[in-house]
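Below is one structure; the comments refer to it alone.
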Amino acid sequence: MRKHVKNNVSWVGYIDWELETFHGDDYSIMNGSSQNAYLIEEEKTVLIDTIWTPHRFDFVENLKKEIDLDKIDFIVANHGECDHSGSLTALMDLIPETPIYCSAQCVKSLEGQYGKRGWNFHVVKTGDSVEIGNGKKLVFVEMRMLHWPDSMATYMTGDNILFSNDAFGQHYAVEELFNDKADQCLLWKEAMKYYANILNPFSAVLAKKLQEIAGFNLQFDIIAPSHGAIWRDNPLQIVKKYAEWADAYQENQVTVAYDTMWEGTTKIAHRIAEEIHLQSPETVVKVFNIAKADKNEMMTEIFKSKAIAVGSPTVSNSILSSVAGWIEFAKQLKFKNKKAAAFGCYGWSGESVKILQEKLKDAGFEVIEDNVRASWVPTEADFEAIPTLVSHLLGV
Ligand code: FEO
């Protein structure tokens, strides 16, 4: 069922209340999500994006209830990833001649996923535009690597709506559709999680793109992303927030993350957390067992942190696989401007701290030499290293 966005623009997407993971199982969904598609009915009828493949037949049936599909003058595919293009196959079977406006990379992406189907592509680049009647037009802005090479945004003049696709989105289901109607706590939590886990690796590209868009001197009445709430109340607030997040973001927070075999490394983790609070009561301290906590929620906390302490016992001359995989994920997210320290217990060979330090350095963290390396069960003598380690982590 359509939802009204502004004037002749409607939302025709899908709210997925039951979605539990995204990107396979790589991204946890805690509060549902949505795939937002939009229908513009000016003198020209335009569909902006579609929804994920499993819902393609429902999408087409629902769209048929709203309009005669033959009235669609053209489709804009802002991004080829299947959560936005997945219904194209079912739709194009019914209206095969309909032009699809998209970037050159998007043609590659769509043909790569769905095969060469003879679709009527109109390749566009930044600054290209198309008239849609009533004095309005759609202007295209390439958003390369935000977060795929093909990503694009579309700006509608007259109504001043930016269809931003993945940028400014959240994996968050909002029946009421708009940011001013959403639970503000969840909205911002999910917006930050989305940024930290999906967009952070492209922060440098994003910062440049925000400057480029600012140079266009456009007015933004609405920013309509392809996931989650639509920003209609002060839409620039999310743009400002992205500028902040793209600039080596950190808060006064330290996160302690570890895994353990027989609780020795846990004891060190807890003592480090206590010491952080003791030395700096205003610093937020978060503690996670890597094997038990949600990895995407943890990465959001790392994104907020100015420093982290990571622990693993030594196992088979190495570290626990849970911690190794977790650091690899952190490396992918390309965090900047964050200190890190290592700690862990061992029975005999005791390589874990050194390996953790190397891996954290390789993942882009500023690793301090201070560490806690305890033989068998940590003792008060082992804990003596913690105050200095924490003061160096805090930079005091
Ligand atoms: Fe929401 Fe990159 O797809």
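Whatever order the structure lists ligands and atoms in, that order sets their numbers, starting from 1. The first residue in the sequence is number 1, and the count goes up from there.
Within 6.0 Å of CZ on Arg2 lie more than 12 heavy atoms contributed by other residues, nucleotides or ligands.
For the residue pair Asp49/Ser226, the side-chain donor-acceptor check at 3.5 Å is not satisfied.
Residue-and-atom listing of protein N/O/S atoms under 2.8 Å from atom 2 (Fe) of ligand 1, sorted by chain and number: His79 NE2, Glu81 OE1, His147 NE2, Asp166 OD2.
For Lys354 and Glu358, the salt-bridge test passes: some basic side-chain N is under 4.0 Å from an acidic carboxylate O.
For Phe74, the ring pair (Phe, Tyr, Trp, His ring centres under 6.0 Å) test picks out Tyr101, with sequence neighbours left out.
A side-chain hydrogen bond (donor to acceptor under 3.5 Å, both in side chains) with Ser28 is found for one member of His171, Lys193, Glu20 and no other, namely Lys193. Just one of Lys304, Glu282, Lys306 meets the side-chain hydrogen bond (donor to acceptor under 3.5 Å, both in side chains) condition when paired with Asn252; it is Lys306.
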